[in-house]
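Here's the structure, in structure tokens; my notes come after.
Side chains included, hydrogens not; waters and symmetry mates left out as well; all remaining heavy atoms used. As the structure is a prediction and not an experimental result, all values here were calculated from the model.
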Amino acid sequence: MKQIFRLEMVVAEEDADRATGLLTLGVPFGWEEETLPTGETRFRVHCENPEFINNLQSDLQARIPAAEYTLTTLEDQDWLAAWRQFFTPVPCGNRFVVLPPWLADSNDFPGREKIVIEPKSAFGTGHHATTALCLTVLSELVEAGRVKPGQHFLDLGTGSGVLGIACGKSGLTGEGYDIDMLAVENAIENRQINGIDGFEVGLGSIDALEGRTYDLVLANILARPLIDLAQRIVWACKPGACLVLSGLLEIQADSVEEAYMAQCLPKPRRVIDGEWCALVWD
């Protein structure tokens, strides 16, 4: 039976903004947040990777030593019960809705493509703004005819496979890669749940492409790797391809944009959701 690790952090009111900033930079897959009657804020991060959660706790304790930290272990059944409370349907754009398996037969979202995601701890359910941003942009690209059935896509940092599954449901075929083996296993599981053919999932990053190019490239990772991989991500785009970059804060968008314009791309359009940003070349 798999174990899930929960890091709980309770911070004073004056430390809440700092904690949110640290979690924003360090936990791209999201967290739970609750304001307590005392004025304190409780943050909870769930993850299957013990190394990640231990490193996160060490980093947070070094930066906010006055906070109260609790690290606990949940069994699978406890995790599922928690997700049933937290995992609400997520409509994205006009085309998609992300659902957990226990809501897969819901009739509440007529006309939308259902993307069924088995809840795991760190791989993207649509609740995080960066995932929802990418799905919304993909919905718009399909509606505009810029992304079409029969085209080939790359989903870099595939996580749960949610973006690749959305592409598959839009008639595309392609590949998804992630550097976390747990994410790869989750993406394969979700691909099977959704009955998607033509979506290959593998362990690795941009080096796994071996020169292949794509009509649509989605990279929902973090700002620093987006900058570091700029040249190779651009090389993966066919002439006239659509490119969607996400996983970055709006305050990081200028530096990421500059890295790609240095590769002779034009200025992208920006899609904003709160403090998060997606850069889109379409």
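Pairing each heavy atom of S246 with each of C277, the nearest pair is OG-O, 3.7 Å. Summarising the geometry of A208 relative to R212, their closest heavy-atom pair is O-NH2, 3.1 Å, with the distance given to 0.1 Å. Contact between D178 and G157 at its shortest, heavy atoms only, is OD2-C, 3.4 Å. Of all heavy-atom pairs between G159 and A187, the closest is O-CB, 3.5 Å. Listed here is the closest heavy atom pair of A253 and L248: CA-CD1, 3.4 Å. The heavy-atom pair separating L265 from W281 by the smallest distance is CB-NE1, 3.6 Å.
Partners of L22 under the side-chain contact (heavy atoms from CB on, under 4.5 Å) rule, at least two apart in sequence or in another chain, are R18, L60, R63, I64. For R95, the side-chain contact (heavy atoms from CB on, under 4.5 Å) partners two or more places apart in sequence, or in a different chain, are E113, S139, V142, E143, S170. Not counting sequence neighbours, D105 has no partner by the side chain to side chain donor-acceptor pair (under 3.5 Å) test. Every side chain to side chain donor-acceptor pair (under 3.5 Å) that T173 has, sequence neighbours left out, goes to H152. Contacts of S106 classified as side chain to side chain donor-acceptor pair (under 3.5 Å), with partners at least two apart in sequence or in another chain: D108. Not counting sequence neighbours, N107 has no partner by the side chain to side chain donor-acceptor pair (under 3.5 Å) test. For F199, the ring pair (Phe, Tyr, Trp, His ring centres under 6.0 Å) test picks out F153, with sequence neighbours left out.
Summarising the geometry, atom CD1 belonging to I165 is positioned 6.5 Å from atom OG belonging to S160; distances are rounded to the nearest 0.5 Å. C134 contributes atom SG, which lies 4.0 Å from atom CG of N220 (distance to the nearest 0.5 angstrom). Here the straight-line distance linking atom CG of L216 with atom CG of L154 works out to 8.5 Å at 0.5 Å rounding. With rounding to the nearest 0.5 Å, the separation of OG1 in T72 from CD1 in I4 is 11.0 Å. Going from atom CD of E40 over to atom OG1 of T38 covers 3.5 Å, rounded to the nearest 0.5 Å. To the nearest 0.5 Å, atom CZ of residue R191 and atom OG1 of residue T158 are 10.0 Å apart.
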V162 and T131: side-chain contact (heavy atoms from CB on, under 4.5 Å), yes or no, with the steps?
CA-CA 8 Å; V162 61; T131 306; 3.6 Å; yes
Would V217 and L156 count as a side-chain contact (heavy atoms from CB on, under 4.5 Å) if you check the C-alpha gap in whole Å, the side-chain angles of each, and the deciding distance to 0.1 Å?
CA-CA 8 Å; V217 175; L156 193 62; 5.6 Å; no
Please report the C-alpha distance between V137 and L141 in whole Å, then the side-chain angles of each, then the deciding distance to 0.1 Å, and finally whether the side-chain contact (heavy atoms from CB on, under 4.5 Å) criterion is met.
CA-CA 6 Å; V137 169; L141 293 175; 4.0 Å; yes
Given side-chain contact (heavy atoms from CB on, under 4.5 Å), test N186 with N190 step by step and report yes or no.
CA-CA 6 Å; N186 186 215; N190 289 322; 3.3 Å; yes
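The main-chain N or O of V280 is never found under 3.5 Å from a side-chain atom of R269 such that the two would form a donor-acceptor pair. Between the side chain of N194 and the backbone N or O of I196 there is no donor-acceptor pair closer than 3.5 Å. A donor-acceptor pair under 3.5 Å is absent between the side-chain atoms of K114 and the main chain of F96, judged by distance alone. Checking side-chain atoms of D59 against main-chain N and O of N55 turns up no donor-acceptor pair under 3.5 Å. Judged by distance alone, with hydrogens and angles left aside, the side-chain atoms of R112 form no donor-acceptor pair with the main-chain N or O of V98 at under 3.5 Å.
When side chains are defined from C-beta on, R44 counts as touching R42, because their heavy atoms get closer than 4.5 Å. I115 places a side-chain heavy atom less than 4.5 Å from the side chain of L135. Between L249 and W276 the shortest side-chain heavy-atom distance falls below 4.5 Å. In this structure the side chain of S58 never reaches within 4.5 angstrom of the side chain of L56, judged on heavy atoms. Side chains of Q61 and Y69 form a contact here, defined as non-hydrogen atoms less than 4.5 Å apart. Taking 4.5 Å as the limit, some side-chain heavy atom of P101 sits within range of a side-chain heavy atom of E118. Residues L23 and M9 meet the side-chain proximity criterion, which asks for heavy atoms closer than 4.5 Å. When side chains are defined from C-beta on, I117 does not count as touching P100, because their heavy atoms never get closer than 4.5 Å.
The number of heavy atoms from other shown groups lying within 6.0 Å of CD (E13) does not exceed 12. Around atom CD of E14, more than 12 heavy atoms belonging to other residues, nucleotides or ligands sit under 6.0 Å away.
Note on residues 251-261: pairs passing side chain to side chain donor-acceptor pair (under 3.5 Å), not counting sequence neighbours, are D254-R270, E257-K267, E257-R270. Sorted by first and then second residue, the salt bridge (charged side-chain N to carboxylate O under 4.0 Å, His left out) pairs with a member in residues 149-164 form an empty list; sequence neighbours excluded.
Cluster partners of I193, using a side-chain heavy-atom cutoff of under 4.5 Å among ILVMFWY residues and allowing indirect links, are V116. Hydrophobic side-chain contacts under 4.5 Å tie L36 into a cluster, directly or through other members, with V10.
Put simply, I272 and I251 are part of two different groups of oily side chains (I, L, V, M, F, W, Y) that touch within less than 4.5 Å, one to the next. Under a hydrophobic clustering in which Ile, Leu, Val, Met, Phe, Trp and Tyr are joined whenever their side-chain heavy atoms come within less than 4.5 Å, directly or via other members, M261 and L279 fall into different clusters. Placement of L103 and F109 within a single hydrophobic cluster is found when ILVMFWY residues are connected by side-chain heavy-atom separations under 4.5 Å, directly or transitively.
Between the side chains of Q151 and Y214, not a single donor N or O lies within less than 3.5 Å of an accepting N or O.
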Show me the donor-acceptor pairs, under 3.5 Å and distance only, between side chains in residues 227-243 and residues at least two apart or in other chains.
residue: D228; atom: OD1; partner: R224; partner atom: NH1; Å: 3.3
residue: R232; atom: NH1; partner: D207; partner atom: OD1; Å: 2.7

